Amino acid sequence: MTTNRTFTMIKPDAVAEGHSGSIIKMIEEAGFRIIAVKKVQLTAERAGQFYAVHRERPFYQALCDYMSSGPIIPMILEKDNAVADFRKLIGATNPAQAEEGTIRKLFAKSIEANAIHGSDSDENAKIEGDFFFAGLEQY
Ligand code: ATP
Ligand code: MG
């Protein structure tokens with residue numbers, strides 16, 4: 001089933017460098033509506049839970065340390081074809097390979113500190129959105 005929602009986080013590097021406003025502006029101008037948003041800092045343990053699918057990868061510990069190194073801005077977004085359109089807007093994981101005009105091309109510093117996350121499927125968008133927002137008021 002295709003839904004019209006996706007999940008994103010502006011990552012610690014982009015928040016720390018003051019790019020949140022520019023990134024949110026690009027997201028809204030691309031036609032996404034913000035359904036839920038907050039600013040939080042994860043513990044390394046909780047970052048590890050979020051990225052559990054990568055736990056066997058060599059970069060897992062560094063990723064958990066990085067993702068818990070400062071505040072992030074998780075958001076649930078809505079738009080037709082949200083998951084695929086958002087992955088297009090953020091660009092490739094490695095900013096060196098990201099297309100011109102994408103968020104990662106503009107703001108990412110490295111393959112790890114790559115400014116923003118975007119869910120890779122409708123199923124994961126729901127799981128990841130609930131990870132940050134379930135139990136709060138309706139969204
Ligand atoms: P995200 O899930 O954050 O949207 P992605 O789907 O483009 O990114 P994944 O393969 O899911 O990429 O990797 C998750 C995150 O792990 C990346 O965004 C990046 O921060 C980090 N990462 C991925 N590959 C590497 C690598 N080779 N070295 C260091 N960090 C990496
Ligand atoms: Mg991913």
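Note that ligands are numbered from 1 as they come in the structure, with each ligand's atoms numbered from 1 the same way. Basis for what follows: all heavy atoms, side chains included, without hydrogens, waters or symmetry-related copies. Owing to the predicted nature of the structure, the values given are computational and were not obtained by experimental measurement.
Of all the atoms in ligand 1, the ones that sit under 4.0 Å from a non-hydrogen atom of L63 are 16 (O), 20 (O), 21 (C). Taking every heavy atom of N114 and a limit of under 4.0 angstrom, the matching atoms of ligand 1 come to 17 (C), 18 (O), 19 (C), 20 (O).
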Take F7 and F131 through the ring-ring contact (aromatic ring centres under 6.0 Å, His included) test and state the conclusion after the steps.
CA-CA 10 Å; F7 171 80; F131 183 91; 8.3 Å; no
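Heavy-atom separations between R87 and ligand 1 include at least one value shorter than 4.0 Å. Contact between R104 and ligand 1 is present, with at least one heavy atom of the residue lying under 4.0 Å from the ligand. For K11, the closest heavy-atom approach to ligand 1 falls below 4.0 Å. Residue-ligand proximity: Y51 is placed with a non-hydrogen atom under 4.0 Å from ligand 1. Residue contacts with ligand 1: D120 is excluded, as none of its non-hydrogen atoms falls under 4.0 Å.
Scanning all protein heavy atoms for the shortest distance to atom 20 (O) of ligand 1 gives E112 O, 2.8 Å. Here the heavy atom of the protein found nearest to atom 19 (C) of ligand 1 is I111 O, 3.2 Å. Among all non-hydrogen protein atoms, the one lying nearest atom 7 (O) of ligand 1 is T93 OG1, 2.5 Å. When only non-hydrogen protein atoms are considered, atom 2 (O) of ligand 1 lies nearest to H117 ND1, 3.0 Å. Scanning the protein heavy atoms around atom 23 (C) of ligand 1, the nearest turns out to be F59 CZ, 3.5 Å. At the shortest separation from atom 11 (O) of ligand 1 among protein heavy atoms lies H54 NE2, 3.0 Å.
In this structure, the side chains of I116 and M9 stay at 4.5 Å or more apart for every pair of heavy atoms. Two residues are said to be in side-chain contact when any heavy atoms from C-beta on lie closer than 4.5 Å; T93 and I111 meet this criterion.
Side-chain atoms of R104 never come within 3.5 Å of backbone atoms of P95 as a donor-acceptor pair (strictly under, hydrogens ignored). Without hydrogens or angle criteria, Y51 side chain to M67 main chain gives no donor-acceptor distance under 3.5 Å. For Q41 (side chain) and S68 (main-chain N/O), a donor-acceptor pair under 3.5 Å exists by modelled atom type. Looking at K109, its side chain never comes within 3.5 Å of a backbone N or O of A115 through a donor-acceptor pair.
Between F59 and H54, the ring planes lie tilted relative to each other; the angle falls in the 30° to 60° range. A perpendicular orientation is assigned to the rings of H117 and F50, their planes being inclined by more than 60° (bins at 30° and 60°).
For ligand 1, the polar-atom distance check finds no N/O of I90 at less than 3.5 Å from any of the ligand's N/O atoms. Distances between N or O atoms of R57 and those of ligand 1 include no value under 3.5 Å.
Donor-acceptor pairing under 3.5 Å is lacking for the side chains of K79 and N4.
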